[in-house]
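Chain identifiers are assigned alphabetically (A, B, ...) following the order of the sequence lines, protein sequences preceding nucleic acid strands; residue numbering begins at 1 within each chain. Computation of the quantities below employed the complete heavy-atom set of this structure, encompassing side-chain atoms and omitting hydrogens, waters and symmetry-equivalent molecules. Since this is a predicted model, take the numbers as computed values, not measurements.
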Amino acid sequence: MKHIKKAIETVINNDRHSGCGECQTSCQSACKTSCTVGNQECLKEIRINNKEIKQD
Amino acid sequence: MVHTFSCLYKDFAIDVESGSCFEIDSLTKALIEQKNSLDIGDFLASYAKAQIDEAKLEIDEFIKRGSLFSESNFNFESTPIDQVKALCVNISHKCNLACSYCFAGGGDYHSKETTSKNMSLATAKACIDFLIKNSGNRYNLEIDFFGGEPLLNYQTIKDAVAYGREQEKLYNKNFKFTVTTNALNLTEEMIDYFNKEMHNVVISIDGRENIHNKARPDLKGGVTFSKVVKNALVLKKKRQTSYYIRGTFTANNLDFSKDVIALADLGFDQISLEPVVLPDNHPLAIKEEHLPILLNQYEILAAEYQKRKGTDKAFNFFHFNIDLKGGPCLKKRLSGCGVGGEYLCVSVDGSIYPCHRFDGMKEYRMGDIESGIKNKEISYYFQKSNLLTKPHCNNCFAKYFCSGGCNANNLEFGGNINAAHKISCELMKKRIECAIALKVICS
């Protein structure tokens, strides 16, 4: 590709994103006034990546 | 919908519905804008037809793969649930600082009845019981000790945490405790304790010494910067990660990138600096006319972030964190912070409010921690609000990152929780553009 130099392709709405509710509440992380939900991490994915899936 | 933008002297595109992000050349940017029915004038005139066709082919390739101009393909209905996973516990309404912009009104929040009071241990334990009882099958539960200044009720924090550790074993739960402190009274004993028990520690410092001292004096008007920084550096040295230095910028320091950089130069590497929340008539309020300066500040900050990345002076800026390949699930992106539903605030007297911003506002009192939520209408009012109920978000590229913004801000400045707070929106969009640019460049 010459014109599209870099691509990070993803699909927000797929099976991986199941809504398990175990992730951190965004207001608890740092800001308390200007929440950015999109910068939170999916705890389920972190566990899977770390092979710590026993809690799921 | 595809949003194009320039940042750090490069061009980018984000496909809103899929979340895919691209670094593109200026020709591709123009072609995408043309597809978005934007007027690009005679921009294409300087390009050969072969070049244009080549770029169009690349765009088409990503369209076929569902990564450009993708369509929304989900159904979502907000079904209120009576489950809680996080509490902001205002463990003390007392404070040993007199910050000029305090949204908590110096600790009394919106009610004089709870001014300068500490939460009792019985109420703090009731918070633990309430959360366990109302959390359904959720394993991870969160409690943030907030205030006022939580360290002014330190022993109650310790006793409540000890009780929580007992109870989590009995009920197969995992408490993640956080404390937000001004660090004025932070001792090494407290630091060691927090390092053992706290999932996260948030320390309030506003950046440069003169900025901090002016905004965050003690109760006698004395300076606090040196003592706070000294204590915070001890915590950072002993803790290393899972902490944030969280500051506030106001109309008094519109050049706030200097404050983030000052904090990084002090040795802190986990930094969050937030716009102040104040009514327009307050002398420190952020106003619409400040926006051009502030947006440029995020760009300056992004450049400095990029320059320092990989060096021993690197820092992490909270709003530049973004996970473009994963991140939160769609449900979370649509439903937002959970205010009034899975996230609640408990005041020092045990009253339950939708979040910390509503503490003391009697019309939003939902119940009390002993007998539970009695006014479920308030909970459902918040839970029914989501990204799809906010008309101004429909055509916004940032919607799956900000989730419709802070409902308390929307209510305070827009009159209802589904309204937009323009200043918050503009700052959010710029932060997300910078975050995407940094992530794509560094990928």
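With a 4.5 Å cut-off on non-hydrogen atoms, B/His319 touches chain A through its backbone and its side chain both. Interface residue B/Tyr244: only side-chain heavy atoms are found under 4.5 Å from chain A. Within the 4.5 angstrom heavy-atom criterion, only side-chain atoms of B/Phe146, from C-beta onward, approach chain A. Residue B/His421 does not touch chain A at all, counting heavy-atom pairs closer than 4.5 Å. Using a 4.5 Å cut-off between heavy atoms, B/Leu57 does not touch chain A at all. Contacts of B/Leu87 with chain A are made by backbone atoms alone, with heavy-atom separations under 4.5 Å and no side-chain atom involved. Proximity to chain A involves both the backbone and the side chain of B/Val440, based on heavy atoms less than 4.5 angstrom apart. If you measure heavy-atom distances from B/Val179 to chain A, you find no contacts under 4.5 Å at all. Contacts of B/Phe62 with chain A are made by side-chain atoms alone, with heavy-atom separations under 4.5 Å and no backbone atom involved. Contact of B/Cys406 with chain A is made through the side chain alone, with heavy-atom distances under 4.5 Å. Interface remark: B/Asn137 contributes backbone atoms only to the contact with chain A (heavy atom separation under 4.5 Å). For chain A, the nearby parts of B/Asn321 are the backbone and the side chain; heavy atoms of each come within less than 4.5 Å. In this structure, chain A has heavy atoms under 4.5 Å from both the backbone and the side chain of B/Asp144. Only the side chain of B/Lys176 comes within less than 4.5 Å of a heavy atom in chain A; its backbone stays farther off.
At least one side-chain heavy atom of A/Lys5 sits under 4.5 Å from a side-chain heavy atom of B/Asp25. No side-chain heavy atom of A/Thr10 sits less than 4.5 Å from a side-chain heavy atom of B/Leu324. With contacts defined as side-chain heavy-atom distances shorter than 4.5 Å, the pair A/Glu22/B/Tyr139 qualifies. A/Cys23 has its side chain within reach of B/Lys85: a pair of non-hydrogen atoms, C-beta onward, lies under 4.5 Å apart.
Atom OG1 of A/Thr25 and atom NZ of B/Lys332 lie 5.5 Å apart (nearest 0.5 Å).
Contact detail for A/Met1 and B/Glu61: the closest heavy-atom pair is CE-CG, 3.7 Å. Closest non-hydrogen pair, A/Gly21 versus B/Arg138, comes out as O-NE, 3.4 Å. Shortest non-hydrogen contact noted between A/Ile8 and B/Lys325 is CG2-CG, 3.7 Å. For the residue pair A/His3 and B/Leu27, the shortest heavy atom distance occurs at CE1-CD2, 3.9 Å.
Ion pairing between a basic and an acidic side chain is recognised when a charged N comes within 4.0 Å of a carboxylate O; A/Lys2 and B/Glu54 show such pairing.
More than 12 heavy-atom neighbours from other residues, nucleotides or ligands sit within 6.0 angstrom of NZ on B/Lys173.
The most heavy-atom pairs under 4.5 Å with chain A, out of B/Glu274, B/His199, B/Gln270, B/Glu58, come from B/Glu58. Here B/Phe318 is the residue among B/Phe318, B/Tyr400, B/Tyr243, B/Phe320 with the most heavy-atom pairs under 4.5 Å with chain A. Heavy-atom pairs under 4.5 Å with chain A were tallied for B/Cys402, B/Gly338, B/Cys337; the largest tally goes to B/Cys337. Options B/Ala55, B/Ser403, B/Ala13 differ in how many heavy-atom pairs under 4.5 Å they form with chain A, and the most are formed by B/Ala55.
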### CA sep, side-chain torsions, deciding dist, call: B/Arg65, A/Glu9, salt bridge (Lys or Arg N to Asp or Glu O under 4.0 Å)
CA-CA 9 Å; B/Arg65 283 152 64 163; A/Glu9 292 177 87; 2.4 Å; yes

